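On a predicted model such as this, the values are computed, not experimentally measured, just so you know. Just so you know, ligand 1 is whichever comes first in the structure, and atom 1 is the first atom listed for that ligand.
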Amino acid sequence: MVYVDTRDKSIQVSFRDATLWGMNPQTGGLFIPGEIPPLNRNFFLKECTPSFRNVALEISRLFMGDEIPEEGIQQIVAEAFPFKIVVAPLSEHTYTLELFHGPTCAFKDFGARFMAQVMSYFNKDEDQPLHILTATSGDTGSAVGSAFYGVPGIEVIILYPKGRISQIQEQQIGTFTGNVHPVAVEGSFDDCQFLVKQALTDVELRKELRLSSANSINIARLLPQAFYYVYAARVIQDHSFNDMDISDPEIIFSVPCGNFGNLTAGLIAKELFPSISGFIAATNSNRTMPIWFTSGNYIPCPSTETLASTMDVGVPCNYERINTMYFHENLKKNVAAFWTDDDGILNAIRSCFKTTGYVLDPHSAVAWAAWKECCSCFPSGKADFFPGQDYEIFPGLCPYLPQWAEMVREKKAVGVVLATSHPSKFNDTIAAAINRTVTLPSKLQRLLRLPITSVTINNDYSELKSILMSYL
Ligand SMILES: *Cc1c(COP(=O)(O)O)cnc(C)c1O
């Protein structure tokens, strides 16, 4: 399989280079798969639902099987996913896909751990260390740090916006030692992301250091996120034979979006497994993408702070991938768009808890609200269900109908709400919404007692560069 540069499709590289480079330093482009082959039909005709790891193996073979032998792929998958993944019914026609059972209790463990294993596979014959740079708005940093912690030959530098992540997130990221180096930046997440981009495109620096990136820019972090969409769709199809009133449901994933890596992976999963019918791209007040989906105008803007803080992204880096892979009109057929503000987040946590007893974290709450909105708006069957069309100003669904809206109206669809973080990581918000808190898993409790080791820098590339040069 070749991987293609989003800015110049004549540039085609191997999976190894796409992974180790992160992005193309010459063009600034990101890598996307040259093609998305459909999964082997036999795989889906089997009697019983495959395990998550089987799905992971099958898809990995398609995307990297020509470069990594079978034993290598098996080892990568086994090391990357030693934890459970839960698909559970929440209420009628609504499921949750719990992606927070990994070591850092957030879905980013899937991408980060797989990428760490792939990089360590490709790095095993090198004698110079590989330096991995990543910008985080909260959960990426801990997932990446934990995934690479102790991996020989790899040093990780994590940039996070000082004071703009939750206390537990800072305890998760700021306490790393050894080969993982936390850096607090006086600035926003977008500033951190821009500093990383500057370093990765700094030709002079790259002559001295082997550099790579590890946010959702990296294709090896994106691909494994396709695995759980396919797995969940299979599980739900099997459920529907047994205990649902609809025999062959349309499966709609509601995705809480920030940098749009998760949605991009979903779109790849849909090509692999066409039984996935569509998506809802759900954001907080940072609504650059819902506006682009609706109007076709992409207007990047500074991020605003919200209760779903890891989704506070004003310039989502995967816009570039989505825009290269899909025509805008096709996208609107498959993906509805929704955004909500902090009141909407609190209301969703409250209302889901009241009606189902399930506690959502603030990010997953955005996705739950989006699916509920589809269930109540689409039955009107009209694109003008939203009075005034002022979707840029008032939260809610964006005023256009995806192809699958009809199926929601006829109650032939199930919504799968991606639960991306354990709610206990956001207990302040949970308490504000429902007047109670959720117990922190023991793996997180341990972290609260460790000292912060991060260094603080200004939003100034020369300061980052001198830290990097000190590793020489
Ligand atoms: C990162 C993150 C998201 C957003 O995912 P993207 O791939 O950046 O769109 C949503 N929820 C949580 C908890 C996250 O950490």
Are any of the N or O atoms of [X] closer than 3.5 Å to those of ligand 1?
{"X": "Asp361", "result": "no"}
{"X": "Gln225", "result": "no"}
{"X": "Asn259", "result": "yes"}

- Are Phe227 and Phe110 an aromatic pair by the rule of ring centers under 6.0 Å? no
- Task: Answer yes or no: is there a donor N or O on one side and an acceptor on the other, between the side chain of Asp312 and the main chain of Phe189, under 3.5 Å?
- Result: no
- Message: Determine whether a donor-acceptor pair (N or O, by modelled atom type, separation under 3.5 Å) exists between the side chain of Asn347 and the backbone of Gly344.
- Response: no
May I ask you to list the atoms of ligand 1 that are less than 4.0 angstrom from any heavy atom of [X]?
{"X": "Ser421", "answer": "13 (C)"}
{"X": "Met311", "answer": "3 (C), 4 (C), 10 (C)"}
{"X": "Gly261", "answer": "6 (P), 7 (O), 9 (O)"}
{"X": "Cys257", "answer": "9 (O)"}
{"X": "Phe260", "answer": "6 (P), 8 (O), 9 (O)"}
{"X": "Thr420", "answer": "10 (C), 11 (N), 12 (C), 13 (C)"}

- Note on the structure: Of Gly258, Pro256, Ala367, the residue with the heavy atom nearest atom 9 (O) of ligand 1 is Gly258
- Message: Check for me whether Phe100 has a heavy atom closer than 4.0 Å to any atom of ligand 1.
- Response: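 Phe100: no contact with ligand 1 (<4.0 Å).
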- Task: State if Ala106 counts as touching ligand 1 under the rule of any non-hydrogen atom under 4.0 Å.
- Result: no
- Message: I need the Ile251 CD1 to Ser275 OG distance, nearest 0.5 Å.
- Response: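 One gets 6.5 Å once the value is rounded to the nearest 0.5 Å.
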- Query: Could you state the interatomic distance from OG1 (Thr19) to OH (Tyr3), rounded to the nearest 0.5 Å?
  - Reply: 7.5 Å
For residues 78-92, which side-chain N or O atoms pair as donor and acceptor with protein atoms under 3.5 Å away, sequence neighbours left out?
none

- Task: Check Tyr160 against Gly174 and note the closest heavy-atom contact, atom names and distance.
- Result: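 Tyr160 and Gly174 have their closest heavy atoms at OH-CA, 4.3 Å.
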- Between Lys108 and ligand 1, which residue portion shows a heavy-atom distance shorter than 4.0 Å: side chain, backbone, both, or neither?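 The side chain, only.
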- Query: Which of parallel (below 30°), tilted (30 to 60°) and perpendicular (above 60°) describes Tyr298 and Trp292?
  - Reply: perpendicular
- Message: Would you say Asp8 and Thr27 are linked by a side-chain donor-acceptor pair, where the criterion is simply a distance under 3.5 Å?
- Response: no
